[in-house]
Structure formats: C-alpha cells, structure tokens
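Notes follow once the structure below has been shown.
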There are 2 protein chains.
Amino acid sequence: MTTGDADIKIRILSAAKKLFAENGFDKTTVRQICEEAGANVALVSYHFGGKENMFYALFDYYFPNNQIAELDPMQLDPVEGVRLIVREVTNFRYSDYQLINIIQQEVIMNTDRIEKIRKHVMPMWGKLRYWLKEGREQGLFQFNSLDNTLFSIIGTLLFHRNSQYWAILHEEERSSKEAIVEDLTLFILGGLYYRGE
Amino acid sequence: MTTGDADIKIRILSAAKKLFAENGFDKTTVRQICEEAGANVALVSYHFGGKENMFYALFDYYFPNNQIAELDPMQLDPVEGVRLIVREVTNFRYSDYQLINIIQQEVIMNTDRIEKIRKHVMPMWGKLRYWLKEGREQGLFQFNSLDNTLFSIIGTLLFHRNSQYWAILHEEERSSKEAIVEDLTLFILGGLYYRGE
DNA sequence: GTCTATATGGGGATAGAC
DNA sequence: GTCTATCCCCATATAGAC
C-alpha cells in the first residue's frame, strides 16, 4: 500500500503531523497540509471540523499507549522506575520524534491546546516524582528539593538536540539509541547520587 | 519616571518583549503591542522598519553582556567553569525570564530569526564543552559521550518550569535563586561523577 | 465524498494629514 | 514624530455544484 492509497483522513493526519512538527501549528496552513497529503482543502473542514479539531484528532490517533500509564509505581523499586522512564521517553522520541516535537512546541508556546495534551503526558511525571521521593526515603538517592530535582530530570529527558540550531555543537558521531539511554541513565542516576550496583 | 514617560521606542520594545514572551512572535500583533505601550500602530514601522526588525532591536537592546562571553576558558579549572555556567544561566533566567522565554520559543520553533540569536548564546555552550572535555582528561569527570553529556546539561539548565502547564507537578514552595543554583550544581556535578571537595 | 469559487476576517504596512 | 484611514495579502471556512 503506497501513501497515495491510504485512507484520505489518515493521509491528512500524517501530513499534518509532519508539517506541524517542522513549522509549528500556526505557520502551517491547511493548504500546505492538503497539498502534502494530495487532498482537497475543503476536506479538512469536512472530515475533522476545522484545523484545530484536526490537531486533536491527530493527537488521539498517534499518541502511543505506553506501559507506564497503567503501572502502579509501588510495583517497582525507585531505581528501576527511573531507568524505565528514561527508556520509555527515549523510545518515544525515537519512535515518533515529530509528535515529541509538537508536544514541546505546544508546551513552550503555552497554547490553549495543551489542555488536551496534559492528560496523555502528566501521569508519567507523577510517577517519576513518586520514585524520587521513595528513593530518597530509602536512602538510595540524595538531593535537596524534590521539585528542583524533578525538573532537572525532565529537562534532561525532554530537551531536544535535533534542531539544526544545535548542529554546530556536535562533534562526535550520532550515538545509537541504546547508547543514549545508557548515557542519560548514568547522568541522571549520578545526579541523584545513586551509588548502587 | 513612570512607564508612560519613558521613550516611546523603549516602551514599544518593552511591551513587545512582554507579549512575545507570553504569546509568541506570531500570535502577538503589532496592534496589541502598541496598545500595551500606549503608542500608535504606525510607529513600529516608522521607528524600527516593521515587526521583524523590531524583534532584532529588542534583542540587541535587552540581551545582557555576561562575563563568560569574553572569558578565556583556560583561565578556569573545569569544575569552576561548570559552576560559573550554572550561576550565569540561572542569573539570566531570573534577571530576564521573558527574554529566556523568547529565546526558547525561537529555538524550539526553529524560526528564521534564530540566526541572530545564535551569536549571543553559542559562545557560552562552546566553553562548557571545553570544560567538560578538559575535566574528563584531568580525571575529574566521568562520562561516555561528550555530546550527550553536553546536551543533558543544557537541557537541565534551559528547561523552563515557569509555565502554568507544570504547576500541577509542584508541591514544595518555590526555592530561592541561591537554592536553585545549589541544587542544579549538585545535580550536574553528580551527573558528571565529580567527587571533589 | 470531493471539488471550485467565494465569503469573511484579521494582520502588517503605508500614504498623507497634522 | 505622530496620527487616521486605507490598502493589500493571506488564511480559514463554507456554499453549492458535481
């Protein structure tokens, strides 16, 4: 099945995801999206009820169900929890960097669309918070402020090195996904002063 | 001197900085800016030559000259260098969070305006890279990939916890600037497996 | 379901009066 | 230098033909 054969609605969503990730929601026009999808401009309104509703449809369609969402954080010890988060976030980044990009844009730009994104994303950070707290109480981790530490980790994980803007700072070859997970895990557990193993 | 008395050009730049930080460059209209500044719409074109040039004027006017820019990184040992970066970035965040916000937006949205921002910001990260490399060679720091580690640190420092979006994750009282510098420094040096002192 | 043609609104810029 | 009025462009959405 080529792209041209796929359901027209999906083709539109796919084109929208690509273009939103590249240029942002506002700067991407419905015309561009439909040109990219090989569809007529009017179809966005017809099938989704406008540009904004198309955005939500895109999100519902593409956002993955990760394991963490339904996980009871008490089932995992804090170190394993932190490891899991690093792995999942990095997997997500690799499996759909466009969607990550869009989320990041929406969060940073503080759009009125983030409300709908929140419910997909927040549960994970809530669990990270739990594991940090638990890990400190068990003497595994050391830090002062839980809030500050939580945001240091979120920053480390979410920050995007993909934009051309940062290319000038790269000197090494691009790491594999596994190497990145490893480096992130080491850095974060080090930052938590975990001295296990 | 009240805001109303200030030079009209400065009042416009100040209003623009505020509104760009809140709503982004694209979603902020020249009309809004001029209303906020108590100025006439036509003045933006007259004084700056259009909305985009006003943006650059804003940037040239407000971007601080930090000490790091002219510093020779060899004059500082790597640990002191890292400490300095954490301090400077956090100071900047506190002294002008609007400008930080704007920079972040421009970087994430990959606008064509970032070119002009680059020259202000990049020298700092180049020096951080130098200190990391030097620190590893001196046996002070431990990590695998220099690139990955550099971006972990940049992510930790730049990531913004100010937006309302994250409020739900905060449980403690807001830390003082000094406490945040301390926590960030501990986390980052820990992540680098620095065991000094 | 899909198309063309058009309505509608809003934004940046500027001509020309003061 | 500052104002008002207006121009022009471009984006979304939709009416109505097929």
Side-chain angles (χ1 to χ4, degrees), chain A residues 1-59 61 102 105-106 109-113 116, chain B residues 1-61 102 105-106 109-114 116:
Chain A
M1 179 171 71
T2 71
T3 358
D5 293 336
D7 182 358
I8 184 75
K9 288 173 71 174
I10 308 300
R11 287 216 318 277
I12 290 172
L13 290 183
S14 167
K17 178 154 73 78
K18 178 187 167 193
L19 291 169
F20 286 162
E22 280 171 13
N23 309 316
F25 180 86
D26 286 316
K27 292 201 78 178
T28 304
T29 72
V30 174
R31 284 167 218 281
Q32 277 178 281
I33 293 169
C34 289
E35 190 182 359
E36 172 90 19
N40 184 277
V41 227
L43 294 184
V44 166
S45 287
Y46 179 76
H47 283 297
F48 302 105
K51 185 182 181 183
E52 178 147 336
N53 285 319
M54 177 185 57
F55 177 87
Y56 299 131
L58 176 169
F59 219 83
Y61 184 75
I102 294 170
Q105 291 173 3
E106 297 290 316
M109 302 303 290
N110 219 336
T111 70
D112 12 302
R113 293 176 294 277
K116 301 240 182 182
Chain B
M1 180 170 69
T2 71
T3 358
D5 294 336
D7 182 358
I8 184 72
K9 289 173 70 173
I10 308 301
R11 283 212 326 272
I12 290 173
L13 290 183
S14 167
K17 178 154 73 76
K18 178 188 169 194
L19 290 169
F20 287 162
E22 280 171 15
N23 309 316
F25 181 85
D26 286 317
K27 293 202 74 176
T28 304
T29 72
V30 173
R31 287 173 168 83
Q32 275 178 283
I33 293 169
C34 289
E35 190 182 358
E36 173 88 22
N40 185 278
V41 226
L43 294 185
V44 166
S45 287
Y46 180 77
H47 283 296
F48 302 105
K51 186 182 178 183
E52 178 146 338
N53 285 319
M54 177 184 57
F55 178 87
Y56 300 131
L58 177 169
F59 219 83
D60 288 337
Y61 184 74
I102 293 171
Q105 292 172 1
E106 298 290 316
M109 302 303 290
N110 220 337
T111 70
D112 13 302
R113 294 177 293 276
I114 45 174
K116 300 240 183 181

key: Between C:dC18 (C1') and B:Tyr46 (OH): distance, integer Å   = 14 Å
note = Side-chain contact check for B:Asn40: nearest option of D:dG1, C:dT2, D:dC3 is D:dC3
query = Over how many whole Å does the gap from A:His47 atom NE2 to D:dA13 atom P extend?
reply = 15 Å
query = Are A:Phe48 and A:Leu13 side-chain neighbours, meaning at least one heavy-atom pair lies under 4.5 Å?
reply = yes
key: Interatomic distance where CD1 belongs to B:Ile8 and P belongs to D:dC3 [whole Å]   = 7 Å
task = Please check if atom OH in B:Tyr56 has more than 12 non-hydrogen atoms from other residues, nucleotides or ligands closer than 6.0 Å.
result = yes
ask   = What is the distance from atom CE of A:Met109 to atom CG of B:Asp26, rounded to the nearest 0.5 Å?
value = 7.0 Å
note = From CZ of A:Arg11 across to P of C:dG1 the rounded distance in Å is 14 Å
message = For B:Glu35, is the CD atom crowded, meaning more than 12 foreign heavy atoms sit under 6.0 Å from it?
response = no
ask   = Is any side-chain N or O of B:Arg31 under 3.5 Å from a base N or O of C:dG12, one able to act as donor and the other as acceptor?
value = yes
request  = Nearest whole angstrom, please: distance from the P of C:dG11 to the CD of B:Gln32.
outcome  = 8 Å
ask   = With respect to the side chain of A:Lys51, which nucleotide from D:dA13, D:dC3, C:dT14 is positioned closest?
value = D:dA13
query = Which of these nucleotides, D:dT2, C:dG12, D:dA15, is closest to any side-chain atom of A:Ala42?
reply = D:dA15
request  = Can you figure out which of C:dG12, C:dT2, C:dT14 approaches the side chain of B:Thr29 most closely?
outcome  = C:dG12
ask   = How many Å lie between CE on A:Met54 and P on D:dA11, as a whole number?
value = 14 Å
ask   = Whole Å only: how far is the CD1 atom of A:Ile12 from the C1' atom of D:dA13?
value = 14 Å
inquiry  = Output the rounded distance in Å from CZ (B:Phe48) to C1' (C:dG12).
reply    = 16 Å
